[in-house]
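Take a look at the structure set out below.
For the numbers below, each heavy atom of this structure counts, side chains included, while hydrogens, waters and symmetry mates do not. Ligands are counted one by one from 1 in listed order, and the atoms in each one are counted from 1 as well. Predicted, not measured: the structure shown is a model, and the values here were computed from it.
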Amino acid sequence: MEVKQLKLIYFSPTGTTQKVLESIAQGITVRDAEHINLTLPERAQQIIPPFSNELVIIGAPVYGGRLPVEAVNRFKQLRATKTLAILIVVYGNREFEDALLELKNLAIELGFNPVAGGAFIGEHSFATEDVPIANGRPDGADVQIAVDLGAKIKDKIRSLQSADAQKDLKIPGRFPYAAGGARAMAISPVTKEDTCTVCGTCSSVCPTAAISINESVATEIDLCIRCSACIKNCSTGARVWEDGTMKSIANWLNENCSIRKEPQIFGIDV
Ligand SMILES: Cc1cc2nc3c(=O)[nH]c(=O)nc-3n(C[C@H](O)[C@H](O)[C@H](O)COP(=O)(O)O)c2cc1C
Ligand code: SF4
Ligand code: SF4
């Protein structure tokens, strides 16, 4: 089989998942890969035609060892007929636990046929310059692994007579899922009014429309999924975590998850 058309489908609040998918796409070398970015709330409403004989890469971050609930909800609108799919999760150098298995099971339920999988490392959503956790990842070495993966998947697909020839992809994880996913915490980042310019960027990148802008920035904490997109996109540093629990979690991750992990690939000989 030849890969003629490539579609990248992702939920990626702080952009690391998107970067990994783009790097894999670079290795597949199909012109004009289409992006189906399901991160923002309005994008989640878009009508997506069913998939058939294209190749897709589906990606999401790991939240509490599982997929983010918002990613699952957005992916659930996808429909496919045996469409070959590369499945990718990106995690913050702690663990990915059951997330990739969850993505595989969901992809099959939606009609995709998983051909390869990968767990990559991205800068942790809770990381800052002062409390680094996998800062700067995916870095050059990760990107190279992703590009090489894309090239190898292209070769694997070439060797298949049809999509049916791809049989069950083995993915680590436990089912019933043992990881509980992101805990509901009813907290959100806060805005430092002295440095906030009320530019609205934080509101425009929030995947759950939790932030509204009038004379100042208001956040509906029940909607916040702690993705930290508002913090990482605020150019004045006005958006921060002040909550003590969040600071303790970041410090714990910094102290206990600093040994570099490497991407893991499934379904392809590396
Ligand atoms: C609520 C929440 C829970 C997370 N849970 C995990 C986890 O269980 N393991 C891990 O290694 N990283 C975890 N992370 C970090 C993200 O998986 C990581 O930063 C990822 O690169 C973010 O992807 P994105 O840039 O596409 O948003 C979590 C992040 C958030 C916001
Ligand atoms: S992005 Fe930062 S400066 Fe802009 S409105 Fe939000 S908190 Fe204020
Ligand atoms: S308010 Fe919460 S959900 Fe919205 S961008 Fe910030 S951390 Fe993410």
Side-chain angles (χ1 to χ4, degrees), residues 10-22 37-41 59-71 88-100 102 119-128 132-138 142 177-241 243 245-246 249-250 252-253 256-258 261 263:
Y10 51 88
F11 176 81
S12 181
T14 59
T16 60
T17 306
Q18 180 178 350
K19 186 171 174 187
V20 171
L21 265 55
E22 286 169 348
N37 182 348
L38 300 176
T39 311
L40 294 178
V62 176
Y63 282 10
R66 297 278 299 278
L67 298 177
V69 173
E70 293 66 25
I88 300 296
V89 294
V90 180
Y91 68 104
N93 207 52
R94 187 187 68 78
E95 264 308 334
F96 64 96
E97 291 161 319
D98 302 330
L100 190 56
E102 186 180 10
F120 282 75
I121 295 84
E123 175 172 315
H124 203 292
S125 319
F126 306 157
T128 59
I133 313 153
N135 283 22
R137 296 188 74 184
D142 297 314
Y177 305 121
R183 272 185 293 152
M185 287 177 72
I187 51 170
S188 77
V190 295
T191 307
K192 294 196 278 185
E193 303 231 332
D194 52 339
T195 44
C196 174
T197 58
V198 203
C199 68
T201 301
C202 51
S203 171
S204 71
V205 299
C206 177
T208 60
I211 304 173
S212 49
I213 309 276
N214 287 307
E215 259 109 76
S216 64
V217 176
T219 312
E220 210 169 315
I221 58 169
D222 290 335
L223 291 179
C224 178
I225 58 168
R226 294 183 285 137
C227 72
S228 306
C230 53
I231 296 176
K232 299 208 182 204
N233 284 284
C234 174
S235 59
T236 67
R239 198 75 184 158
V240 291
W241 281 115
D243 178 85
T245 308
M246 286 301 290
I249 294 172
W252 185 90
L253 290 164
N256 294 282
C257 303
S258 60
K261 295 197 171 170

If you take all heavy atoms of [X] and [Y], which pair is closest and at what distance?
| X | Y | value |
| --- | --- | --- |
| I213 | G200 | CD1-CA, 3.8 Å |
| P189 | C224 | CD-SG, 3.8 Å |
| S203 | I211 | OG-O, 3.1 Å |
| S12 | T39 | N-OG1, 2.9 Å |
| G65 | R94 | N-NH2, 4.0 Å |
| L40 | C206 | CD2-O, 3.9 Å |

Could you state the interatomic distance from CD1 (I88) to CD (Q18), rounded to the nearest 0.5 Å?
->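 If we round to the nearest 0.5 Å, I88:CD1 and Q18:CD are 14.0 Å apart.
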Spacing of I225 atom CD1 and T208 atom OG1 [to the nearest 0.5 Å] |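 Atom-to-atom, I225:CD1 and T208:OG1 are 5.5 Å apart.
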Starting from [atom], find the nearest protein heavy-atom neighbour and note its residue, name and distance.
| atom | result |
| --- | --- |
| atom 2 (Fe) of ligand 3 | C224 SG, 2.4 Å |
| atom 3 (S) of ligand 3 | I225 N, 3.4 Å |
| atom 3 (C) of ligand 1 | Y63 CA, 3.5 Å |
| atom 8 (Fe) of ligand 3 | C227 SG, 2.4 Å |
| atom 12 (N) of ligand 1 | G92 N, 2.9 Å |
| atom 9 (N) of ligand 1 | E95 O, 3.0 Å |
| atom 27 (O) of ligand 1 | T14 N, 2.9 Å |
| atom 31 (C) of ligand 1 | R226 O, 3.0 Å |

Heavy-atom proximity to [atom], best of [options]:
| atom | options | result |
| --- | --- | --- |
| atom 29 (C) of ligand 1 | A71, S125, C257 | S125 |
| atom 4 (Fe) of ligand 3 | S125, S203, C206 | C206 |
| atom 4 (C) of ligand 1 | T16, I121, V62 | V62 |

Atoms named by residue and atom, protein N, O or S, within reach of atom 2 (Fe) of ligand 2 (under 2.8 Å) |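 As for protein N, O or S atoms lying under 2.8 Å from atom 2 (Fe) of ligand 2, they are C234 SG.
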Output the list of atoms in ligand 1 that are nearer than 4.0 Å to some heavy atom of [X], sorted by atom number.
| X | answer |
| --- | --- |
| E123 | 18 (C), 19 (O), 21 (O) |
| V90 | 17 (O), 20 (C), 21 (O) |
| S12 | 24 (P), 26 (O), 27 (O) |
| G64 | 3 (C), 4 (C), 5 (N), 6 (C), 7 (C), 8 (O) |
| G122 | 21 (O) |
| N93 | 11 (O) |

Taking the side chain from N93 and the backbone from I121, do they hold a donor-acceptor pair closer than 3.5 Å?
->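 Checked: no pair found.
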Are the side chain of E220 and the backbone of A210 linked by a donor-acceptor contact shorter than 3.5 Å?
->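 Absent.
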Side chain, backbone, both or neither: which applies to [X] and ligand 1 if a contact is any heavy-atom pair less than 4.0 Å apart?
| X | answer |
| --- | --- |
| F126 | side chain |
| C227 | backbone |
| Q18 | neither |

Does an N or O anywhere in [X] fall below 3.5 Å from an N or O of ligand 1?
| X | value |
| --- | --- |
| P61 | no |
| H124 | yes |
| T17 | yes |

Give the atoms of ligand 2, by number and element, whose distance to some non-hydrogen atom of V198 is under 4.0 Å.
->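 Near V198, meaning under 4.0 Å from one of its heavy atoms, ligand 2 has 5 (S), 8 (Fe).
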Please identify which atoms of ligand 2 are closer than 4.0 Å to at least one heavy atom of G200.
->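 Going through ligand 2 atom by atom, the ones under 4.0 Å from G200 are 4 (Fe), 5 (S).
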Does S228 come within less than 4.0 angstrom of ligand 3, counting non-hydrogen atoms of the residue?
->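 Yes.
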Non-hydrogen atom of P13 closer than 4.0 Å to ligand 1 =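 Under 4.0 Å: yes for P13.
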Do the rings of W241 and F126 sit parallel, tilted or perpendicular, given the 30° and 60° boundaries?
->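 Ring orientation, 0 to 90° scale: perpendicular.
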Tell me yes or no: between the side chains of T219 and R239, is some donor less than 3.5 Å from an acceptor?
->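 Yes.
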